Undergrad: 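Dropping a structure here in structure tokens format, bear with me for questions.
In what follows, every chain begins at residue 1, and chains take the letters A, B, ... in the order their sequences are listed. Not measured: the values here are computed from a predicted model. Because only heavy atoms are used, hydrogens play no part in the values below, and waters and symmetry mates are left out as well, while side chains stay in.
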Number of protein chains: 2
Amino acid sequence: MTDEPPPVIWARLSSQGRGPARTLDYRAITTAAIALADEDGVDAVSMRKVAGRMDHSPMSLYRHIGSKEDLTELMYDAVLGELDLTGIPSGSWRADVARLAGEMRRLHHAHPWIVRFGHRPSLGPNARRFLETGLACVDGLGLDIDGMLDLLSTALQFTRGFVVQELGEVEAQRRTGLDFAGYQRHTGPFITQLLQEGGLPYLRRLVLEAEDLPDPDVVFERRLGMVLDGLAAGIGRRG
Amino acid sequence: MTDEPPPVIWARLSSQGRGPARTLDYRAITTAAIALADEDGVDAVSMRKVAGRMDHSPMSLYRHIGSKEDLTELMYDAVLGELDLTGIPSGSWRADVARLAGEMRRLHHAHPWIVRFGHRPSLGPNARRFLETGLACVDGLGLDIDGMLDLLSTALQFTRGFVVQELGEVEAQRRTGLDFAGYQRHTGPFITQLLQEGGLPYLRRLVLEAEDLPDPDVVFERRLGMVLDGLAAGIGRRG
DNA sequence: TCTAGTCGCGTACGCTGTATACGTCTAACT
DNA sequence: AGTTAGACGTATACAGCGTACGCGACTAGA
């Protein structure tokens, strides 16, 4: 009888046994928590508030999920289910990987809070589906499984980094309750002061020469395109 | 007299005026908080524990920093100061960007908690230094400032995404208190069960065919190399 | 019919960030 | 030189958090 840690959450989701009929289950809890996070931000997700939204007591949730950390994993996998993977693999690995990356980015915009939760490796049903579809897109190119993983992961890791930065700015605005103009008014004086002090030639060039309001979609597609170029070259060399 | 939000934290760091001599300052607080995060994990960083480590009362910290959120920003910028940027720019943009990416990755391994804090855009002194050095590395290639930013950001965004995933696994092990073998014993039965159920051909191939314990340094360098290939092609086209 | 085990919940504990009010100290002003 | 405005560190307090524990109500399997 070793003191094992509890098994992976996905193996622990119980089904109805004896006892009173359930008025609650982990799916409903997850849905409520996601709605709360979407509406009021991730910091508003507390066991008490989630329970309150379902007209239940806080402790009732613990009959269905082991901990708040489990709940975040359920939330993450649940939103992965919103990925639209229809029509892929299509036969063109490059188009498919771009689709996957775009879908991932879209998902982060729909649920900005996942950048705070998605650090953990996940084995949920939707993560599994995503992995299967993703690897199917890069199959048949003459690569072994490690090469396929390189292709897919590199594109998605770039996407993740891009989105983290993108949402960092969005969230900073949301938290301070400012729109973009207000945010600029907020940081502007400080940047002006920095530039007057000198010694920051590239910050100066950024302020003076950089495109004013670059379309983030365009920037993403452009950079993703460069990443995919590099991956394509890698296939030629290894495949 | 509009009700402005407080200015950027970096413009708010006070200097000694009248009143008793200080026994505390934001630098010392930041150092203590970083030590705490390094030793006991990011969740152990509380105002009370940071204060306790310095033999002060919790509220004394608020004379020097505005909020805990400010403290995290100070912590993030402080560790950016540990980046070793000597010898760059060296003249080879590709070597330099690879160095920057490697340094960033090294920093995340030294302070894994920064993946939880580094979402915000930062204007601290070390972030400024990093930006200046980074853009200097991609100057002189015939690119405008937006092209330079594409080059640098794409590589660093990939790095960030890579490291987030890498550390997600490390942290998952740390939290559960398991080493890699224990972690495999933890998830193994569930994965076995999934494979027996069938329908996950690529997960099966990953388990059966993928390299067992790939050296993460090698994987990182390989993928970063592909990204840099793509960026190089982009220079040829635009520069 | 009995009972083991699940259901939802009330209470309680230790922790968190931080608002507020306090006496103390000192640089700057009269 | 005397006064004072304001920064210093701190004690107290409050609302909110995750969740351990124990309760009566309920019901599927023995």
Undergrad: Look at atom CZ of A:Arg27 and say whether more than 12 heavy atoms of other residues, nucleotides or ligands are closer to it than 6.0 Å.
TA: no
Undergrad: Is it true that the side chains of B:Trp113 and B:Asp38 contain a donor and an acceptor less than 3.5 Å apart?
TA: yes
Undergrad: Measure NZ/B:Lys68 against P/C:dA19 and give the value in whole Å, please.
TA: 15 Å
Undergrad: Hey, which sits more toward the 5' end of DNA chain D by its nearest nucleotide, A:Pro58 or B:Ser60?
TA: B:Ser60
Undergrad: Provide, to the nearest angstrom, the distance between the CZ atom belonging to B:Arg48 and the C1' atom belonging to D:dA13.
TA: 10 Å
Undergrad: Kindly confirm or rule out a cation-pi arrangement of B:Arg223 over B:Phe162, judged by NZ or CZ under 6.0 Å from the six-membered ring centre and within 45° of its axis?
TA: no
Undergrad: Between B:His109 (side chain only) and B:Leu107 (backbone N and O only), is there a donor and an acceptor less than 3.5 Å apart?
TA: no
Undergrad: Look at the side chain of A:Arg22 against the base of C:dG8 and say whether a donor-acceptor pair falls under 3.5 Å; ignore hydrogens and angles.
TA: no
Undergrad: Would you indicate which nucleotide in C:dG17, C:dC9, D:dG6 comes nearest to any side-chain atom of A:Met59?
TA: C:dC9
Undergrad: Answer yes or no: does a side-chain N or O of B:Ser57 lie under 4.0 Å from OP1 or OP2 of D:dT10?
TA: yes
Undergrad: From CG of B:Leu71 over to C1' of C:dT16, roughly how many Å is that when rounded to an integer?
TA: 14 Å
Undergrad: Can you tell me the distance, in whole Å, between the NE2 atom of B:His56 and the P atom of D:dC8?
TA: 12 Å
Undergrad: For the side chain of B:Pro20, starting at C-beta, report the closest nucleotide among D:dG18, D:dT19, D:dA7.
TA: D:dA7
Undergrad: Quickly work out the A:Asp43 CG to D:dA15 P distance and round it to whole Å.
TA: 21 Å
Undergrad: Round to the nearest Å and state the distance from B:Leu61 atom CG to C:dT16 atom P.
TA: 13 Å
Undergrad: Pick the nucleotide of DNA chain C nearest each of B:Gly66 and B:Ala21; which residue has the one closer to the 5' end?
TA: B:Gly66
Undergrad: Which of the following nucleotides, C:dC7, C:dG17, D:dG18, is nearest to the side chain of A:Tyr62?
TA: D:dG18
Undergrad: Taking CG from A:Asp55 and P from C:dC7, how many angstroms apart are they, rounded to a whole number?
TA: 20 Å
Undergrad: From C-beta outward on A:Met47, which listed nucleotide comes closest to its side chain: D:dT19, C:dG8, D:dA13?
TA: D:dT19
Undergrad: Does a donor on one side chain and an acceptor on the other come within less than 3.5 Å for B:Glu197 and B:Gln193?
TA: yes
Undergrad: Would you say B:His64 reaches D:dA7's phosphate, i.e. side-chain N/O to OP1/OP2 under 4.0 Å?
TA: no
Undergrad: Indicate, yes or no, whether a donor-acceptor pair under 3.5 Å links the base of D:dG29 to the side chain of A:Arg18.
TA: no
Undergrad: Quick check for you: among D:dT19, C:dA21, C:dT18, whose closest atom lies nearest to any side-chain atom of B:Arg63?
TA: C:dA21
Undergrad: Does a nitrogen or oxygen in the side chain of B:Lys49 sit under 4.0 Å from OP1 or OP2 of C:dC15?
TA: no
